[in-house]
Amino acid sequence: MIKQLLSNNIIEALDTLKLSHEKEFTVEIPNNPEFGDYSTNAALVLGKENKQNPMQLAEKIVKELKKNKAYKKVEIAKPGFINFHLAPSLYQQVFWEIYKNQEYGSSDFGNGEKVLLEFVSANPTGPLNIVSARAAAFGDTIYRIMKYVGYNPAREFYINDAGNQVDILAESLELRLREIHGEKIGEFPYEAYHGEYVKHLAHRLNALEGTRVFMMPEKDRLEHLKEFALSELLEMQRNSLEKFGVVFEGWVSEKTLRSEGVVEEVLSYLTEADCTYEKEDAIWFCSTKYGDDKDRVLMKSDGSITYFVPDVAYHLTKIQRGFTKLIDIFGPDHHGYVPRIRAAFRALNYDDSILEFIFLQQVNIFESGERVKMSKRAGKIVTMDELISVVGKDAARYFFIARKANAHLNFDLELALKKNNENPVYYCQYAHARICNIIKKARSEKLFPKHFTKDMANKLTKPEELALIQKMADLPELLILIAVHREPHRLTTYLEELASLLHHYYERYQIVNPKSPALTHSRLMLLFTVKKVMGICFELMGISAPEKM
RNA sequence: GCGCCAGUAGCUCAGUAGGAUAGAGCAGCAGCCUUCUAAGCUGCGGGUCAGGGGUUCGAAUCCCUUCUGGCGUGCCA
């Protein structure tokens, strides 16, 4: 908010001086307070294009800027920085704006662009695991923030309910079912799904239908088992996500897509574009012509289709539905997949720059200081549900978004189990609860004003008060940056900084003081606004903002 | 072999997309509760930003290269 303001002032000054400003300059909060409240590199960056040395240029700009009374002091430093010291009145004015705005930080920056966020999209062959949980928290937070800054995003889950893996699932279920009926199945196949949940499914099916499945012809039987397993597991996944606060606008089934004939469509499009060929009884896509490092099989030699074809079809439906940015959030094992889907887009003459891929690196679970090895196939996984029941939704979501996407994430279960305050989410929530408590106390002592006024805002002059205002003023620009760069972790950093300033302020000043009601009102107004801003951040992260702890 | 990602304090990680003296939390040490929640605050110590070159007024950040770790390199998804 203030950065934008200063930036505009600098541009105005440059314009009146008839100086060019092609290159982008920045306004930032310097880490050394000696360099002022804000600082810009404008003169350094624009020196070249104006053919002046930075110091001279800075002097001209400063002379012009000094006409503005909002600045207590504007200085020039060494190579050509311009440092601003702001008058408290500017902070107070900004604070008043923040206070008045109920949806503070929101904007129309995204211009209503339709963005599709596809994430989780796990195989419906088991309970959701930790990586899916990370994807869910990450994708959902990006969704919330993009929406808040004016995009028109949608969340979508692509269900891989066709193909090889679900066949194996059905076979695994059948084996477990036979086991229940006392058949000796020998060693459980390596490829099959070993998880306990398959046994649970078998028992459930047995209770519902008994031996009826075994009377069916093999093909019908597997189909039946598949349908049963899929619907059960999908429901399970949906429940897990809902418990995690993640709801999808769309669930797109691969099976449905296939039955609508889009597979044939894509195949014929690619053939028409002359980029398929036959080799070894299979049909190939010559993706190498479009930047892939290897050609890809479209139709296997047994006549079945690879997952790639319906996936291309699925991405094309996104375009047909009017989305102009397609963001796929993937686990670390999918990056080899990018060149081939881009290749398909190019081959079919679609602009592949609307595709964007975000890769979340793996999550390592630590228990008793040791890494827990996980394998879905072997049934050794820590599920999303387990995690939530152990550490809670808030802590889980917070941890998952607190790291940037392409960094590994170490999750120490034991630490989380301790439920002590080593968790930064408590630090932030505690700050919020503290404010609520102070407000409660003020109300009980009849020191909470009926209305907050601009006069009250103007009494805030302590450095700690101005620091809180400065931090709050950062939020609108920050949210835009987060949306543009898809980096939700920066919101947790921000919230921790805001909470820290609040705790410091709390320790140093008494807020509710019957001896000076006027000052009490001003400070309550500040805390009330901090609480609102924190509440907005929590909401954007899908984390609760507790009134007391 | 090739491709992608990462390497910052003892540990977990930030670092405002090239800015000034690289920051937090935890762990360690020393302090602060008859006053609004001590789940908090104050102070101290801790660094060859993996190594080496380059680009420029200026590099943790961009380019090249080496090393280390993770992942990928299926007619699985």
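Convention: sequence-line order gives letters A, B, ...; per-chain numbering from 1. Predicted model only: the values in this text are computed from it and were never measured.
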Which part of the nucleic acid, if any, lies within reach of [X] when heavy atoms closer than 4.0 Å are counted: base, sugar-phosphate only, or nothing?
X         : value
Glu487(A) : base
Lys440(A) : nothing
Asn83(A)  : base
Gln361(A) : sugar-phosphate
Ser304(A) : nothing
Ile439(A) : nothing
Leu298(A) : nothing
Ser301(A) : base
Asn406(A) : sugar-phosphate
Lys294(A) : sugar-phosphate
Pro30(A)  : nothing
His489(A) : sugar-phosphate
Tyr337(A) : nothing
Ala402(A) : nothing

Taking 4.0 Å as the cut-off, does a side-chain nitrogen or oxygen of [X] come that near to OP1 or OP2 on [N]?
X         : N      : value
Lys404(A) : G15(B) : yes
Asn31(A)  : G15(B) : no
Arg296(A) : G74(B) : no
Lys300(A) : C76(B) : yes
Arg403(A) : A14(B) : no
Tyr427(A) : A24(B) : no

Exercise. Let me know, please, whether Ser121(A) or Asn32(A) comes out on the 5' side of the other along RNA chain B by nearest nucleotide.
Key: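 The 5'-side residue here is Asn32(A).
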Self-check item: Nearest-nucleotide comparison on RNA chain B, the residue closer to the 5′ end among Ile82(A) and His503(A)
Solution: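 Per heavy-atom nearest nucleotide, the more 5' residue is Ile82(A).
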Quiz item: Just one of Phe248(A), Phe330(A), Tyr314(A) clears the ring pair (Phe, Tyr, Trp, His ring centres under 6.0 Å) bar with Tyr158(A), so which one?
Solution: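 It is Tyr314(A), the one option of Phe248(A), Phe330(A), Tyr314(A) that forms the ring pair (Phe, Tyr, Trp, His ring centres under 6.0 Å) with Tyr158(A).
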Please measure how far the [atom1] atom in [N] lies from the corresponding atom in [M], and state the result in whole Å.
N      : M      : atom1 : value
C11(B) : C71(B) : C1'   : 24 Å
C29(B) : U73(B) : P     : 48 Å
C33(B) : A39(B) : C1'   : 14 Å
G23(B) : U61(B) : C1'   : 15 Å
U68(B) : C62(B) : P     : 22 Å
G19(B) : A38(B) : C1'   : 39 Å
G53(B) : A59(B) : P     : 14 Å
U55(B) : G45(B) : P     : 37 Å

If you only use heavy atoms from C-beta on, which nucleotide in [options] is closest to the side chain of [X]?
X         : options                : answer
His335(A) : U12(B), C4(B), C41(B)  : C4(B)
Leu44(A)  : C75(B), U21(B), C57(B) : C57(B)
Tyr430(A) : A38(B), G72(B), C41(B) : A38(B)
His504(A) : C41(B), C4(B), G74(B)  : C41(B)
Lys441(A) : G19(B), C36(B), C75(B) : C36(B)
Gln362(A) : G70(B), A39(B), U16(B) : G70(B)
His408(A) : G70(B), U16(B), C76(B) : G70(B)
Lys3(A)   : U12(B), C4(B), U16(B)  : U16(B)
Arg490(A) : A38(B), A17(B), A14(B) : A17(B)
Lys78(A)  : A38(B), U21(B), C75(B) : U21(B)

Pair [X]-[Y], side-chain donor/acceptor within less than 3.5 Å:
X         : Y         : result
Tyr38(A)  : Glu28(A)  : no
Tyr505(A) : Glu465(A) : yes
Asp328(A) : His315(A) : yes

Quiz item: Between Ile329(A), Ile341(A), Ile327(A), which is the residue that forms a side chain to side chain contact (heavy atoms under 4.5 Å, CB included) with Phe357(A)?
Solution: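 Exactly one option meets the side chain to side chain contact (heavy atoms under 4.5 Å, CB included) with Phe357(A), and it is Ile341(A).
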Self-check item: Anti/syn call for A17(B), syn if |chi| within 90°
Solution: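 Here A17(B) takes the syn form, which means its glycosidic angle is within 90° of 0.
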Exercise. Classify the glycosidic conformation of C33(B) as syn or anti, calling it syn when the angle lies within 90° of 0.
Key: syn
Should [N] form a Watson-Crick or G-U wobble pair with both distances under 3.5 Å, which nucleotide is its partner?
N      : answer
G69(B) : C5(B)
G46(B) : none
U12(B) : A24(B)

Quiz item: Is the number of heavy atoms from other residues, nucleotides or ligands within 6.0 Å of NZ (Lys532(A)) greater than 12?
Solution: yes
Quiz prompt | Neighbour count >12 (heavy atoms, 6.0 Å) for atom CZ, Phe528(A) | solution =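 No, because the 6.0 Å sphere around CZ of Phe528(A) holds 12 heavy atoms or fewer from other groups.
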Exercise. Go through the steps for Asp281(A) and Ser301(A) under the test side chain to side chain donor-acceptor pair (under 3.5 Å), then give the verdict.
Key: CA-CA 5 Å; Asp281(A) 297 327; Ser301(A) 49; 5.9 Å; no
Quiz item: Is the cationic atom of Arg443(A) (NZ for Lys, CZ for Arg) positioned less than 6.0 Å from the six-membered ring centroid of Phe448(A) and within 45 degrees of its normal?
Solution: yes
Self-check item: Whole angstrom value for the distance that separates P of C32(B) from OH of Tyr506(A)
Solution: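 Atom OH in Tyr506(A) sits about 18 Å away from atom P in C32(B).
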Quiz item: Counting only distance, no hydrogens or angles, is the base of C36(B) paired donor-acceptor with the side chain of Gln510(A) under 3.5 Å?
Solution: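 Under the 3.5 Å cut-off, the side chain and the base do not form any donor-acceptor pair.
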